[in-house]
Amino acid sequence: MKYLKIMILALGLAGCNTKKEATLHLQKQVDSLEKKLANTYKPGFGEFMSSIQVHHNKLWFAGLHQNWDLADFEIHEIMENIDDIQKFQKERKESQMIDMIRPSLDSVNAAIRNKNQVQFNSSYHILTNTCNSCHRATGFAFNIVKTPETVPFSNQEFTLHHPATGTNSSRHD
Ligand code: HEC
C-alpha cells in the first residue's frame, strides 16, 4: 500500500515533468515550423501571370481546333491560377481587382461546354480585352496580351486525333 502511494506520487510528478517537456517540445516544433514557413517558396504575382499567359495561349489553339476537352482543361488552369493569386498574393493591392476577370472566364467556359466555336471566339476576345483592362487599371498597361498567332510549344498536340484514319485532323497553325 505504501509502495503504491509512492508510485502514484512518483507517476504524478513524472506526468507533470512530461507535460512541461511536451510543451517545450511543442514550442520547439512551432518555432522550427515558423522558420520553415518563412523560407518556403511562394510564387510571385508575375509568376502566376506567366503561367496564365501560357494557358491563355494554349486555350486559343485548343478552341481553334475544337479540342473541347483540352480547352476545358486550359480554362480551368487559368481559373486555378486566379484562385491562387487571391490566396497567395493577398498582400498585393492588385489582387483586389482580380475578380474582374471571372465573368469573362465564365463565358469562355460556357462556350466550351456548348462546344460553340463562334461563342468561343467572341468570348476569348472579351477575355483578352479584360486581361488588358486589368493591366491598365493596375499600372501595367505595357503588358499587352493578344490572340496568339503560333502554337506555344512544338511538343504538344492541339489538334484532335482523327479516329477513322489514325491521322491528325487538318492543321491551321
Ligand atoms: C489584377 C488584374 C489582372 C488581371 C485580371 C490579369 N492580369 Fe496579368 N498582370 C497583372 C499584374 C499586376 C501584372 C504584373 C505582375 C508583376 O508584378 O510581376 C501582370 C502581368 C502579366 C504578364 C507579364 C508577365 C511577365 O513576366 O512577362 C502577362 C503575360 C499577363 N499578366 C497575362 C495576363 C493574361 C493572359 C490575363 C487574362 C487571362 C491577365 N494577365 C489578367 C494584373 C492582372
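First listed ligand is number 1; within each ligand, the first listed atom is number 1.
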Next on the checklist: Just so I know, are the side chains of Y124 and H56 near enough to count as touching, which here means a heavy-atom distance under 4.5 Å?
Outcome noted: yes
Checklist entry - What are the atoms of ligand 1, with element, lying closer than 4.0 Å to any heavy atom of I101? => result 5 (C), 37 (C)
Next on the checklist: Within the 4.0 Å heavy-atom shell around S50, which atoms of ligand 1 are there?
Outcome noted: 24 (C), 25 (C), 26 (O)
Item to check | Greater than 12 external heavy atoms within 6.0 Å of H125's NE2 | outcome: yes
Checklist entry - Would you say the side-chain atoms of S95 pair up with the backbone N or O of E91, donor to acceptor, closer than 3.5 Å? => result no
Next on the checklist: Checking a contact table here: which protein heavy atom is nearest atom 11 (C) of ligand 1, and how many Å away?
Outcome noted: F45 CE2, 3.5 Å
Item to check | Side-chain donor/acceptor of N81 to backbone N/O of I52, under 3.5 Å | outcome: no
Checklist outcome for this item: Note: E94, heavy atoms under 4.0 Å from ligand 1, region reported as both
Checklist entry - Is any heavy atom of the protein nearer than 4.0 Å to atom 26 (O) of ligand 1? => result yes
Next on the checklist: I'd like to know whether ligand 1 has R92 as a neighbour, heavy-atom separation below 4.0 Å.
Outcome noted: yes
Checklist entry - For ligand 1, which atoms sit closer than 4.0 Å to a heavy atom of G46? => result 15 (C), 16 (C), 18 (O)
Checklist entry - Short question: side chain of K42, backbone of F88 - any donor-acceptor pair under 3.5 Å? => result yes
Checklist entry - Can you find a pair of side-chain heavy atoms, one from E94 and one from F140, that are under 4.5 Å apart? => result yes
Next on the checklist: According to salt bridge (Lys or Arg N to Asp or Glu O under 4.0 Å), who are the partners of D99, at least two apart in sequence or on a separate chain?
Outcome noted: R102
Checklist entry - Which residues and atoms, protein N, O or S only, are under 2.8 Å from atom 8 (Fe) of ligand 1? => result M49 SD, H135 NE2
Checklist entry - Is there side-chain contact between I112 and L59, with heavy atoms separated by less than 4.5 Å? => result yes
Next on the checklist: Does Q89 form a side chain to side chain contact (heavy atoms under 4.5 Å, CB included) with R92? I'd like the steps, not just the answer.
Outcome noted: CA-CA 6 Å; Q89 290 295 325; R92 284 277 298 254; 3.5 Å; yes
